[in-house]
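Structure first, then comments.
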Amino acid sequence: MLRFFTAGESHGKCLTGIIEAFPSNVPIDIRKIDQDLKRRQMGYGRGARMNIEQDRIEILSGIRGGKTLGSPIAFQIENRDYTNWEQHMHPIVTPDESRKITKPRPGHADLIGALKYNFSDIRNVLERSSARETAVRVALGSMTAQFMSCFGINVVSHVTAIGNISLEENIWDIEQIGAADQSPVRCVDKTTEEQMISLIQETKDAGDSLGGIFEIHITGVPVGLGSYVHWDRKLDAKLAYNLMSIQGIKCVEIGEGSRNTALKGSEVHDEIFYDTKNGYYRKTNRAGGIEGGMSNGENIIIRCFMKPIPTLYKPLQSVDIETKESFMAAVERSDTCAVPAASIVGEMVAITVIAEEFLRKYGGDSLEEITERWKRCR
Ligand SMILES: Cc1cc2nc3c(=O)[nH]c(=O)nc-3n(C[C@H](O)[C@H](O)[C@H](O)COP(=O)(O)O)c2cc1C
């Protein structure tokens with residue numbers, strides 16, 4: 001079974017990932033991984049950190065001559081900011097007491113993390129709870145995306161809402177969604193894009209922050225990934241679990257999930273048709289490509305809802321963990337809106353789940369063996 005680990009602190013030396021059970025002979029283009037890392041760093045509304053970090057992957061093991069070996073893939077992404085933090089983040093040197101953080105930010109892991117792990121310095125929490133960790137998930141997702149593309153399975157995403165500005169209509173056209181990379185807010189409608197950009201600017205000037213919604217579309221997914229036979233094998237449940245683990249994501253919707261609740265069953269369920277050329281097919285896809293916990297062959301459509309960034313320039317009430325005195329929590333440096341970046345993380349997390357389930361169904365040791373099994377089942 002494909003599995004992975006991530007490690008690393010936001011201002012530590014580097015971020016590290018290990019992927020286990022990635023099949024052999026899969027061609028991996030390192031430039032493509034760096035491109036996906038760059039896509040995660042872009043987006044209107046991001047903070048100054050993104051100008052310091054220009055993420056690049058360094059493969060340490062498991063890939064030779066551009067192809068996977070079947071052995072664990074270990075990699076790292078250097079934190080370029082570490083040079084400014086070395087004394088303070090050093091594994092051995094005792095950190096400077098005067099730089100201790102005792103003021104927890106509402107909406108972050110700060111307070112509860114410090115209570116749970118018994119820390120007097122909140123930096124011990126925020127270094128790991130930070131969304132910097134998502135760079136590792138993008139790198140490994142980029143590898144699983146390259147693996148899935150060998151079977152015609154591809155993922156795209158776009159931003160459908162930022163704050164109260166949203167697309168008026170659903171966009172299902174994959175090519176149109178693919179053009180989201182050209183937009184600084186990953187929105188494919190020009191008018192909505194401009195409104196989103198002004199809202200981000202206004203919100204930034206007011207010292208506040210924004211959340212929003214992004215949508216992931218996965219095409220070419222074969223019938224029968226996931227299963228109805230046991231609760232923990234359901235594909236929709238797995239996608240929701242993994243996507244909810246992205247920092248700031250508070251809600252995950254499959255297909256027309258929440259909108260369908262206000263409609264009648266006859267208006268919701270996708271009728272089944274058959275012809276000898278296409279086999280079974282649907283004329284609608286309100287289910288978002290998943291029925292009974294399994295992919296039904298239609299595009300998988302997922303919407304993720306992100307809360308506004310919790311670090312605000314406009315201070316919020318909090319309590320110092322050392323003195324127990326109230327104070328107004330203010331910030332160093334932060335994103336105003338990270339929905340476009342989160343949309344890239346979402347793509348990569350979702351395609352990793354698809355790769356895991358794909359391997360569970362057609363699994364084998366090498367790309368050739370898996371291809372043979374996949375072809376036999378078509
Ligand atoms: C790509 C990305 C970038 C983020 N950037 C920031 C940021 O600059 N400042 C901040 O306070 N939160 C940021 N967040 C959100 C926080 O990491 C998140 O809200 C926090 O860790 C608490 O986790 P929770 O919201 O899942 O409960 C970002 C999230 C993502 C996915």
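If you're wondering where the values come from, they're calculated on a predicted model, not measured in any experiment. Counting starts at 1 for both ligands and their atoms, following the listed order.
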Report task. Side-chain contact test, heavy atoms from C-beta onward, threshold under 4.5 Å: evaluate it for Pro310 versus Arg105 and give yes or no. Result -> no
**Report entry** Any Val339 side-chain heavy atom under 4.5 Å of Met196 side chain
**Finding:** no
Go through ligand 1 atom by atom and flag the ones less than 4.0 Å from a non-hydrogen atom of [X].
X	result
Met306	29 (C), 30 (C), 31 (C)
Ser129	21 (O)
Gly107	22 (C)
Ile246	31 (C)
Ala338	2 (C), 3 (C), 4 (C)

I want to confirm something. Looking only at heavy atoms, which of [options] is nearest to [atom]?
atom	options	answer
atom 13 (C) of ligand 1	Thr336, Leu312, Ile309	Ile309
atom 9 (N) of ligand 1	Pro340, Ser334, Ser10	Ser334
atom 23 (O) of ligand 1	Ala341, Gly248, Gly211	Gly248
atom 27 (O) of ligand 1	Lys250, Arg105, Gln247, Arg137	Lys250

Can a salt bridge be assigned to the pair [X] and [Y] using a cut-off of 4.0 Å between side-chain N and carboxylate O?
X	Y	result
Asp181	Lys38	no
Glu356	Lys238	no
Lys277	Asp275	no
Glu357	Lys361	no

Query raised in the report: Any side-chain donor-acceptor pair under 3.5 Å between Arg128 and Thr6?
Result: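 A donor-acceptor contact under 3.5 Å links the two side chains.
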Query raised in the report: Judged by modelled atom types alone, do Ser326 and Gln317 share a side-chain donor-acceptor pair under 3.5 Å?
Result: yes
Query raised in the report: Based purely on interatomic distance, does Asp335 place a nitrogen or oxygen under 3.5 Å from a nitrogen or oxygen of ligand 1?
Result: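 Yes; the residue has a nitrogen or oxygen that sits under 3.5 Å from a nitrogen or oxygen of the ligand.
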Query - Geometric N/O contact His108 with ligand 1, under 3.5 angstrom - result: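 Indeed, backbone or side chain, His108 has an N or O that close.
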